[in-house]
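Numbered from 1 within each chain, the chains take letters A, B, ... in sequence-line order.
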Amino acid sequence: MNYPHQKIETYWAKKWVQDKIYRAKDSSSKPKQYILDMFPYPSGEGLHVGHIEGYTASDILARYFRMKGYEVLHPIGWDAFGLPTENFAIKTKQDPHQVTQKNIAIFRSQCQRVGLSYDWDREINTADKDYYKWSQWLFLQLYKKGLAYKAKAPANWCTGCLTVLANEQVINGRCERCDSLVEIRNIEQWFFKITAYIDRLVKGLEKLDWPQRTKIGQINWIGESQGFEINFPLKDKKINLPVFTTRPETIPGVTFLAIAPEHPLLEEIVSDKQLIQVKNFLEKVKNKTLLERKTGEKKKEGIFSGSWAINPFNKKEIPVFVADYVLMDYATGVVMGVPAHDKRDFQFAKENNLPITYVFLPDSIKKPEDKPYPDEEGKMIVSPFKGMDLKTARQKIEAKLSKFGKKTTYFKLQDWLISRERYWGAPIPIIYCPKCGQVPVPEKDLPVLLPDDIKDFRPKGIPPLAQSKKFVNTQCPQCQGPAQRETKTLDTFVDSAWYFLRFPDPKNKKQFADPKKLKRWMPVDIYIGGAEHTVGHLLYSRFITKVLYDLKLIDFDEPFLKLRHQGMILGEDNRKMSKRWGNVIRPDEVAQKFGADTLRMYEMFMGPLEQSKPWSTRSLIGVRRLIERIWKLKDKVKTKVVKEDEKEKEITQKLIFNVTQYLEKEKFNLCVSEFMKYVNQAEELSALSKKWWEKFVLVLAPFAPFLAEELWKQLKNKYSVHQQKWPQIEEKIKEEILKIVVQVNGKLRGVLQLPSNKSYSDQEILKVAQNDPKISSKIKDLKIKKVIYVPRKVINLVV
RNA sequence: GCCCGGGUGGCGGAAUUGGUAUACGCAAAGGACUUAAAAUCCUUGGCCUUCAAAAGAGGCUUGUGGGUUCGAGUCCCACCCCGGGCACCA
């Protein structure tokens with residue numbers, strides 16, 4: 001290896017940071033581009049190759065747009081609060097503050113080492129009091145609007161760690177840290193009312209340039225379900241049980257009702273006779289872990305409540321069961337059991353010996369077998385609807401039941417649980433006063449600082465902040481009497497749901513950001529990050545943006561106009577990279593050994609950005625060869641005019657044209673191919689001209705910024721190559737020779753080469769084909785029935 | 001189970017609105033240089049053919065089977081396989 005990457009790359013990396021050449025100017029007459037990466041958790045592991053992939057892609061775009069004449073905002077920060085850092089701190093017995101500082105220093109130097117062109121003056125850190133002050137402020141804005149509220153709600157509870165866990169900490173019903181079973185417990189928690197924004201969260205997706213699967217992912221997560229809500233009166237009690245169904249036409253087939261074990265009306269429904277049995281059942285359900293109830297075997301258990309309900313459609317009496325397959329957190333928490341047309345109801349009916357009444361049958365079925373028919377199409381078989389299609393029957397039944405119910409829509413999405421009983425997060429700015437009750441901390445008193453007198457960060461079942469008397473005991477902002485602070489902290493997803501709004505004005509002490517600067521930079525034009533954030537971060541960020549829009553604090557209601565995901569980089573063995581398999585590739589080592597430019601270009605060359613693909617050190621070496629060959633090519637550059645200028649002009653223009661096109665479509669792998677094609681051809685030339693070589697170096701600059709800067713310097717051009725204009729092609733590339741494919745019945749028979757400066761009719765082309773010795777021998781005996789000529793491309797002879 | 005993606009050489013992957021399938025790279029084989037190796041450079045390269053000495057010629061080929069079309073990797077239908085997401089959502 002002749003190219004001294006180590007020396008060149010470390011030199012320029014340092015110089016670029018010192019010279020601040022990537023600074024984004026707030027006031028500039030240029031049009032703007034805001035190109036953003038999903039900021040990382042600064043874990044103890046350092047950046048991995050997956051980060052580098054997405055970050056390189058956005059870096060290339062940022063550099064490209066700068067050269068195209070845009071003022072580019074390309075910032076980075078650290079999602080420093082939250083579980084990854086906290087867990088690492090606990091594991092290594094350190095203070096999370098120090099761990100965070102250490103890790104950030106590593107991440108920062110790694111970013112600089114691979115030449116990411118961030119504006120380091122805008123670096124943010126969510127664990128910094130100057131940042132989380134505004135996370136707390138955001139909470140207060142939602143609180144004031146009634147969009148933040150406290151309620152008792154089921155949460156994941158780790159039976160080993162004695163704490164609430166975030167959803168992302170629960171893996172297959174078990175705690176990720178101690179592997180204990182996770183169960184559901186009813187605990188007081190803070191929520192953001194994201195459900196109030198459902199309609200706009202769905203509708204807003206339409207205008208976004210996002211991957212379709214991500215949009216569909218959000219829509220499915222929101223889970224709109226249109227149906228009918230019906231009240232079932234109880235026989236002996238003055239209680240109506242509301243039931244939600246998407247299939248009201250099946251109501252003649254209801255043979256039981258099933259109510260969730262947690263349902264608040266349950267107490268009133270249970271008869272004295274059944275009381276003990278129901279209590280035993282509830283005890284059993286309570287002891288079921290999350291694993292058993294939600295992800296384990298779908299066995300359906302239940303017990304008769306002792307009450308009977310009346311089917312409002314046919315006045316039949318049906319038993320009310322308590323059943324563990326009915327969920328309290330969806331719809332009404334009561335299900336009408338139609339075993340004939342629902343798989344779960346069928347299973348429950350079988351296990352509890354309940355009758356099965358068929359309401360309709362699919363068209364292909366004459367006689368029902370002993371199984372459910374959940375089909376959407378068919379003919380009714382119960383009077384008075386016999387022979388009627390399901391849609392009509394549904395309308396009739398809905399009309400008949402209008403006194404008992406109405407059309408209703410339910411959603412799977414629930415309010416966003418934002419509180420955590422953890423140390424490493426922003427304290428929730430609420431004070432509890434024995435006189436005034438729940439009082440928000442006045443904005444002027446922000447930030448509520450995270451106490452630093454906590455010795456033991458380990459979660460113990462109560463929030464660690466409760467240990468600090470200094471923190472907990474305070475004054476009520478209203479009556480000045482003694483009061484106590486909320487000890488829960490904000491989920492780290494709250495921090496990351498607005499961080500993109502801070503980059504336009506990261507040091508503002510008076511506002512979360514100056515409206516003028518927000519207007520200048522927002523919204524984000526291109527956002528790149530992993531697809532795993534589809535229903536978390538990306539949904540939360542859209543929600544918060546809409547809230548701030550409604551508060552008239554910003555003038556746009558979608559934060560990210562264009563979104564792209566990077567795929568997962570697998571190990572060389574095609575498995576997910578993990579310590580367990582010993583297949584982890586460390587970007588530092590690759591940069592050290594082969595150079596950052598090689599690492600960047602290789603990761604772009606691997607394949608389409610969004611695709612998962614395995615690492616290959618051999619292919620990486622192939623890209624390193626490209627770097628070497630470029631380094632060698634520079635020796636051919638002559639300051640004088642060279643003979644083969646025309647050829648060089650042609651290949652360089654083609655490179656510029658193709659790379660530009662591919663960049664616009666984010667096809668980075670094809671850009672790298674174009675460089676290889678260029679080098680293959682340039683090597684055949686005996687000399688290269690300064691004029692065209694310069695253009696080559698400019699196109700190379702976003703991809704291999706170090707090599708390009710060095711080559712630019714050796715041309716004795718003005719520093720920096722990254723502040724130059726993107727090269728234009730002088731004229732449209734014209735192919736000298738027109739190639740026309742000759743087919744017979746669609747099969748290739750030859751290729752004609754004609755001067756491209758004139759156009760031809762099908763008859764002219766046919767004549768040329770007949771005169772071509774190779775082709776004529778194949779077509780001379782054939783009777784041509786039809787000629788199809790696609791101008792300048794193909795002529796197909798049908799015989 | 002439901003919802004998304006994908007199936008193209010030995011491998012990663014290219015292929016404008018349907019118009020020369022396999023660009024570019026890796027690996028491989030042969031050769032040059034070398035005492036030797038590495039590195040580098042040159043050449044070959046989908047598969048098949050008791051067609052051919054060879055240049056070549058012909059046939060087949062984008063998971064499988066059908067269809068539309070002058071022409072299908074690309075469009076339509078059915079099926080198989082792989083990856084991802086959601087999952088007792090009434």
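The side chain of R625(A) contributes no N or O atom lying less than 4.0 Å from OP1 or OP2 of A39(B). OP1 or OP2 of C60(B) lies within a sub-4.0 Å distance of a side-chain N or O belonging to K747(A).
Of the two residues contacting RNA chain B, namely K677(A) and K343(A), the nearest-nucleotide position lying further toward the 5' end is that of K343(A). Take the nearest nucleotide of RNA chain B for D342(A) and for G217(A): the residue whose nucleotide is more 5' is G217(A).
For the C1' atoms, the distance from G73(B) to G46(B) is 15 Å, rounded to whole Å. One C1' atom belongs to C60(B), the other to A54(B), and the distance between them is 24 Å to the nearest Å. Taking atom C1' on both nucleotides, A29(B) is separated from U20(B) by 27 Å, rounded to a whole Å. Comparing the P positions of U43(B) and A52(B) gives an interatomic distance of 31 Å, to the nearest angstrom. Straight-line distance between the C1' atoms of G19(B) and U69(B): roughly 12 Å, to the nearest whole Å. Nucleotides G18(B) and U68(B), compared at atom C1', are 12 Å apart to the nearest Å. Nucleotides C75(B) and G5(B), compared at atom P, are 12 Å apart to the nearest Å. G10(B) and G83(B) have their C1' atoms separated by 22 Å, given to the nearest Å.
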task = Start with the C-alpha gap between I194(A) and R542(A), add the side-chain angles, then the distance that decides, and say whether side-chain contact (heavy atoms from CB on, under 4.5 Å) holds.
result = CA-CA 10 Å; I194(A) 192 169; R542(A) 295 183 58 224; over 6 Å; no
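Among the heavy atoms of the strands, none lies under 4.0 Å from R792(A). Counting non-hydrogen atoms under 4.0 angstrom, G622(A) reaches the backbone sugars and phosphates but no base. Within 4.0 Å of N680(A), counting heavy atoms only, lie sugar-phosphate atoms of the nucleic acid but no base atom. Within 4.0 Å of T246(A), counting heavy atoms only, lie sugar-phosphate atoms of the nucleic acid but no base atom.
Here the side chain of K632(A) is nearest to one of A90(B), C4(B), U40(B), namely U40(B). When distances are taken from the side chain of W221(A) to each of G25(B), A87(B), A23(B), the shortest belongs to A87(B). Side-chain atoms of N220(A) lie closest to C3(B) of the nucleotides G25(B), A90(B), C3(B).
Checked against the 6.0 Å centroid threshold, F346(A) and H341(A) do not count as a close aromatic pair. Note: F348(A) and F321(A) meet the aromatic proximity criterion, with ring centroids under 6.0 Å apart. Between F668(A) and Y662(A), a ring centre-to-centre spacing not shorter than 6.0 Å is recorded. Aromatic ring centroids of F191(A) and W416(A) lie 6.0 Å or more apart.
Here C26(B) presents its P atom at 10 Å from CD1 of I621(A), a figure rounded to the nearest Å. Taking atom CZ of R575(A) as the reference point, atom C1' of G83(B) lies 16 Å away to the nearest angstrom. Across the protein-nucleic acid pair, F346(A) atom CZ and G1(B) atom P stand 17 Å apart, rounded to whole Å. Nucleotide G6(B) holds its P atom 17 Å from the CG atom of L570(A), rounded to whole Å. Per the geometry, CD belonging to Q681(A) stands 12 Å off C1' belonging to A23(B), to the nearest Å. A straight line from OH of Y789(A) to C1' of G71(B) spans 16 Å, rounded to a whole angstrom. Rounded to an integer number of Å, the gap from Y325(A) OH to A90(B) C1' is 8 Å. The distance from atom CE of M604(A) to atom P of C24(B) is 21 Å, rounded to the nearest whole Å.
Taking the O4'-C1'-N9-C4 or O4'-C1'-N1-C2 dihedral as appropriate, G56(B) has a value more than 90° from 0 and is therefore anti.
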ask   = Which letters describe nucleotides 8-22 of chain B, given B = protein heavy atom under 4.0 Å from base, S = only from sugar-phosphate, - = neither?
value = ----BSSS-B-BB--
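Helical stems in RNA chain B, defined as runs of 3 or more consecutive Watson-Crick or G-U wobble pairs with both donor-acceptor distances under 3.5 Å, are listed by first residue as B:1-7 with B:80-86, B:10-12 with B:24-26, B:28-32 with B:40-44, B:46-49 with B:57-60, B:63-67 with B:75-79.
Not a single donor-acceptor pair, N or O on each side, falls under 3.5 Å between the base of C70(B) and the side chain of K786(A).
Remark: side-chain polar atoms of Y330(A) are not paired, donor with acceptor, to backbone N or O of V326(A) under 3.5 angstrom. No donor-acceptor pair closer than 3.5 Å links the side chain of S225(A) to the backbone N or O of F411(A). D573(A) places a side-chain N or O within 3.5 Å of a backbone atom of R575(A) that can act as its donor or acceptor partner. Looking only at distances, no side-chain donor or acceptor of K613(A) sits under 3.5 Å from a matching main-chain atom of M606(A).
Qualifying side-chain hydrogen bond (donor to acceptor under 3.5 Å, both in side chains) partners for R629(A), counting only residues two or more places apart in sequence or in other chains: N680(A), E683(A).
By the 30° and 60° cut-offs, the orientation of the rings of Y3(A) relative to H5(A) is tilted.
The side-chain heavy atoms of V798(A) and V787(A), taken from C-beta on, include no pair separated by under 4.5 Å.
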